[in-house]
Amino acid sequence: MKSHVQVLVIGGGVVGCSVLYHLTKLGWKDVALCERKELTSGSSWHAAGAFHALNSDPAMSRLQAYTVGLYPELQRLSGQDIGLHFPGGLNVAATRERWDLLQADVARHHTLGLETRLVSPAEIRDLCPIMDTRDVLGAIYDPLEGHLDPSGATHAFAKAARLNGAEVYRHTRVLSLTPTGRGSWAVTTDQGTIEAEHVVNAAGLWAREVGRMVGVDLPLVPMEHHYLITEDLAELRSAARELPVVVDLDGEMYMRQERRGVLLGVYETPATPWAVRGTPWEYGETELLPSDLERLAESLTKGFARFPTLQAAGIRKVVNGPFTFTPDGNPLVGPVPGVPNYWAACGVMAGFCQGGGVGLALATWMMTGEPDGDAFALDVARFGAHATKAYVREKAGEFYSRRFRIAYPNEYWPAGRPSKTSAIHSRLVDRRAVHGVSYGLEYPLYFAPHGEPAAETPTLRRSNAFGPVGAECRTARSHGGVLDASSFSRFEFTGPNAELVLDRLLASRLPAVGRVRLTPMLAASGRLMGDLTTIRLAADRFMLFGSGYLQAWHLRWFREHLPASGVTVRNLSDDWGGIALFGPRSRDVLARLTDVDVGADAFPFMTARLMDVALAPALVARMSVTGELGYEIHAPQVYLPAIYDRLSAVAREFGVIDVGMYALLSLRIEKAFGIWSREYSRDYTPTESGLARFVAYDKPGFIGRDAALRDRDATPGRRLVLLEVDASVAEANYLEPVWAGEERVGFVTSAAYGHTCGSSLAMGYLAPPAARAGTALEITIVGERRACRVLGEAAVDPTGARMRA
Ligand SMILES: Cc1cc2nc3c(=O)[nH]c(=O)nc-3n(C[C@H](O)[C@H](O)[C@H](O)COP(=O)(O)OP(=O)(O)OC[C@H]3O[C@@H](n4cnc5c(N)ncnc54)[C@H](O)[C@@H]3O)c2cc1C
């Protein structure tokens with residue numbers, strides 16, 4: 001064993017071996033991997049080995065497509081047979097709702113570059129003659145699905161890495177990790193100590209234990225999972241073609257051919273968490289968990305009904321093995337916040353669909369300081385303190401049971417709720433608020449009228465919230481609206497170096513004292529890293545506001561760029577809350593709650609004041625994402641009820657009502673204002689997204705400036721636009737393709753009905769010729785092409801007169 005390496009990967013499952021291979025592929029050769037037993041001694045050896053690229057998240061889908069595409073090359077490079085089969089795959093729908101979802105999905109796949117297609121029951125029977133298709137409405141056919149030998153694939157990654165210079169230490173268990181004081185780690189193993197500049201936790205079933213070695217509780221938990229393999233089936237003995245991998249979405253099972261029999265796996269409800277207090281070190285290598293077919297009876301009955309020939313087939317083998325799940329089912333990848341040079345590559349639920357991509361993403365990140373494109377969906381920093389063990393168990397169990405249930409875009413799953421509530425939550429519930437959840441925090445979506453259920457029906461089409469949200473939007477523009485805006489993140493920067501630090505972090509000029517500014521933040525690649533709002537309260541005191549669910553992500557970024565002294569950053573997101581007050585009567589309402597002059601001249605647009613509101617000391621900013629005259633009132637949560645009670649009493653007098661986030665999202669899209677994760681993300685640049693107007697290109701020294709200048713001077717390949725859509729029963733949602741005839745010219749980033757302009761709207765990125773105002777195009781919405789036009793300006797108040805009033 002070496003005494004020093006640049007990177008030590010802990011864990012020789014498919015993920016660790018892929019990380020090792022990708023580090024060497026991208027050029028880091030002084031790397032090694034420790035595996036406590038033989039390679040594959042965790043989940044990897046007993047996987048069913050199926051793979052596919054389909055995923056509703058674009059970053060995950062990209063990562064999976066890369067993984068699948070890599071296998072032929074991996075086999076060639078390593079010279080190791082990985083038992084690669086590409087029979088294609090079917091995702092089957094047996095209900096009308098599921099069929100709608102598949103139609104919406106297949107359109108989205110085209111945006112993601114996946115060449116899937118819808119197939120009829122007759123085609124399904126042709127591809128998979130053993131399936132009973134009597135209740136089947138259709139399926140998505142994906143040519144990129146297949147299966148492999150999990151052990152062979154893991155060894156192939158290790159072998160390819162070794163050929164590139166990496167070392168693999170088998171039967172070497174990492175016992176502890178100690179910082180050396182030089183930024184590196186002293187890694188103690190049962191075979192000796194090795195110093196590593198970076199450590200990667202790819203310990204799979206033991207990732208929690210390897211996390212605890214550095215004082216971190218990683219949000220993952222293993223779940224038991226069964227599949228069974230049948231004896232040979234008569235139908236397959238002489239079949240000319242291999243069966244496709246079949247996922248029966250409504251039956252919640254998957255099936256693939258295994259030699260001349262089949263392998264059938266089920267995701268039963270409820271899930272069974274395993275080793276919740278920690279994975280025993282003795283487990284693994286060739287061990288399985290006792291099977292419990294009784295627990296699977298209902299799911300297996302569905303499986304045998306879907307494939308009737310299995311009823312008479314002998315069972316050759318039953319496998320019950322554990323593998324890890326996170327609360328949202330996506331992996332945990334990237335630098336672990338607060339632990340320098342310690343990286344995560346764990347929580348990978350589908351290692352053979354995702355392992356290659358995880359390895360590439362992490363290796364790129366380690367070498368360049370950022371992943372390639374938007375990787376938030378897999379970033380270990382997407383979870384915060386709310387991801388307690390109980391929360392993780394509940395959410396991960398829910399994800400397991402709903403593994404094949406594609407969530408509706410307006411659906412918020414119930415497990416682990418409520419976890420965090422704002423101080424006015426119960427008041428809003430009393431007023432019939434229907435809540436959604438983000439980063440564990442409940443926030444109001446809309447208010448259900450009396451006589452209607454205080455719950456939204458999950459659907460791809462307009463829901464029962466359409467009418468109430470419309471009323472909220474119209475009243476907000478005619479009189480005003482009040483919204484619990486606690487779901488923002490709030491950071492305070494103070495100290496003599498605060499200005500210096502923020503000037504480097506933010507791509508725009510900093511606001512003067514008492515002023516508010518929209519301040520995009522860039523990564524070194526020039527891609528967006530944040531769409532923050534900054535308020536300067538004093539020469540050395542700033543408040544930054546962003547999306548609440550990005551708080552750990554942003555905090556990690558800030559900390560990575562802080563000097564040793566002279567600036568203090570406090571995350572006030574949980575301690576503070578906010579109320580947004582907007583609409584033409586909002587000034588009248590605020591004036592009644594404070595002694596401060598809030599007139600147009602005394603408190604102009606994009607300024608901020610520390611002032612009393614009702615009984616509370618508050619920070620008030622004159623701005624609103626609705627495009628109306630408006631105020632964001634921020635205060636510690638303890639004051640929020642008092643502000644809300646007095647504010648809503650006065651509001652009522654002026655006809656100003658409670659509204660939810662749906663209204664806000666509709667009002668902002670009428671103004672063509674983008675939001676993070678949709679119009680803005682690490683995938684886009686300032687020029688493409690229209691945020692270039694806030695970038696101070698002449699300001700020296702901000703992160704990403706060189707790349708931003710190149711971006712400014714190049715011709716953008718796409719532009720963000722607002723579209724008006726001829727839609728009557730369903731809005732677009734996300735990633736639907738936009739067509740000019742048969743040419744795909746862009747995609748949707750978000751959409752909503754514009755209740756005050758009276759038309760369905762969408763925002764999206766289009767190739768420049770198609771992005772010209774007035775261009776007639778089409779969008780595929782739930783399987784149907786809908787006409788749309790590019791609007792050259794906001795659908796409401798294009799001059800911005802209302803917000804400046
Ligand atoms: C029944 C079943 C069926 C499955 N089917 C599929 C499928 O069809 N398709 C798919 O994509 N996925 C499938 N999976 C999931 C897949 O197996 C996992 O996603 C994958 O194996 C995870 O790989 P890993 O490398 O992250 O973790 P692991 O395979 O658990 O590897 C971690 C490794 O780290 C080692 N290690 C841990 N701690 C230390 C330490 N301190 N020092 C040294 N070494 C250490 C362990 O010994 C182990 O070898 C299935 C899983 C199960 C259980």
Side-chain angles (χ1 to χ4, degrees), residues 8-20 32-52 64 67-68 145-148 150-151 153-154 157-158 168-177 187-191 199-213 220 222-229 245 247 254-256 258 263 265-267 274 279-285 287-289 291 317-326 329 331-333 344-359 400 403:
L8 184 80
V9 179
I10 305 174
V14 63
V15 175
C17 292
S18 164
V19 170
L20 193 72
L33 180 148
C34 282
E35 164 54 49
R36 77 196 166 107
K37 295 194 173 183
E38 291 292 344
L39 298 180
T40 77
S41 294
S43 298
S44 295
W45 73 272
H46 47 58
F51 57 74
H52 57 85
Q64 292 183 198
T67 304
V68 174
E145 287 193 34
H147 59 96
L148 46 57
S151 173
T154 307
F157 275 123
V168 174
Y169 308 127
R170 292 175 303 123
H171 298 283
T172 305
R173 179 176 143 197
V174 172
L175 302 172
S176 67
L177 296 166
V187 183
T188 308
T189 77
D190 55 6
Q191 303 298 319
V199 160
V200 177
N201 178 351
L205 287 175
W206 294 267
R208 291 170 300 172
E209 283 68 25
V210 173
R212 279 185 213 126
M213 289 179 190
L220 58 91
M223 298 281 166
E224 292 188 20
H225 179 63
H226 284 78
Y227 63 78
L228 47 88
I229 297 175
V245 180
V247 174
Y254 60 93
M255 185 280 299
R256 70 165 176 81
E258 171 71 16
L263 179 155
V266 293
Y267 282 92
W274 178 76
T279 305
W281 287 109
E282 316 70 67
Y283 179 80
E285 207 157 7
E287 218 174 322
L288 287 172
L289 303 176
S291 57
K317 190 168 159 194
V318 178
V319 170
N320 180 19
F323 60 134
T324 59
F325 282 76
T326 61
L332 303 173
V333 181
C346 51
V348 183
M349 169 268 295
F352 297 92
C353 302
Q354 301 169 348
V358 166
Y400 178 98
R403 171 88 166 83

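Atoms within a ligand are numbered from 1 in the order they appear, just like the ligands themselves.
Listed by chain and residue number, Glu38 satisfy the salt bridge (charged side-chain N to carboxylate O under 4.0 Å, His left out) test with Arg170 (two or more places apart in sequence, or in another chain). Every residue two or more places apart in sequence or in another chain was checked for a side chain to side chain donor-acceptor pair (under 3.5 Å) with Ser291, and none qualifies. Scanning for side chain to side chain donor-acceptor pair (under 3.5 Å) contacts around Thr189 gives an empty result, with sequence neighbours left out.
In this structure, the ring of Tyr283 has its center no less than 6.0 angstrom from the ring center of His46.
Between the side chain of Ser44 and the backbone N or O of Val14 there is at least one donor-acceptor pair closer than 3.5 Å.
Around ligand 1, the residues contributing at least one heavy atom under 4.0 Å from the ligand are Ile10, Gly11, Gly12, Gly13, Val14, Val15, Cys34, Glu35, Arg36, Ser41, Gly42, Ser43, Ser44, His46, Ala47, Ala48, Gly49, Ala50, Thr172, Arg173, Val174, Ala202, Ala203, Gly204, Leu205, Trp206, Val210, His225, Tyr227, Trp281, Gly321, Pro322, Phe323, Val348, Met349, Ala350, Gly351, Phe352, Cys353.
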Item to check | Check against side-chain hydrogen bond (donor to acceptor under 3.5 Å, both in side chains), Thr279 and Arg208 | outcome: CA-CA 8 Å; Thr279 305; Arg208 291 170 300 172; 3.0 Å; yes

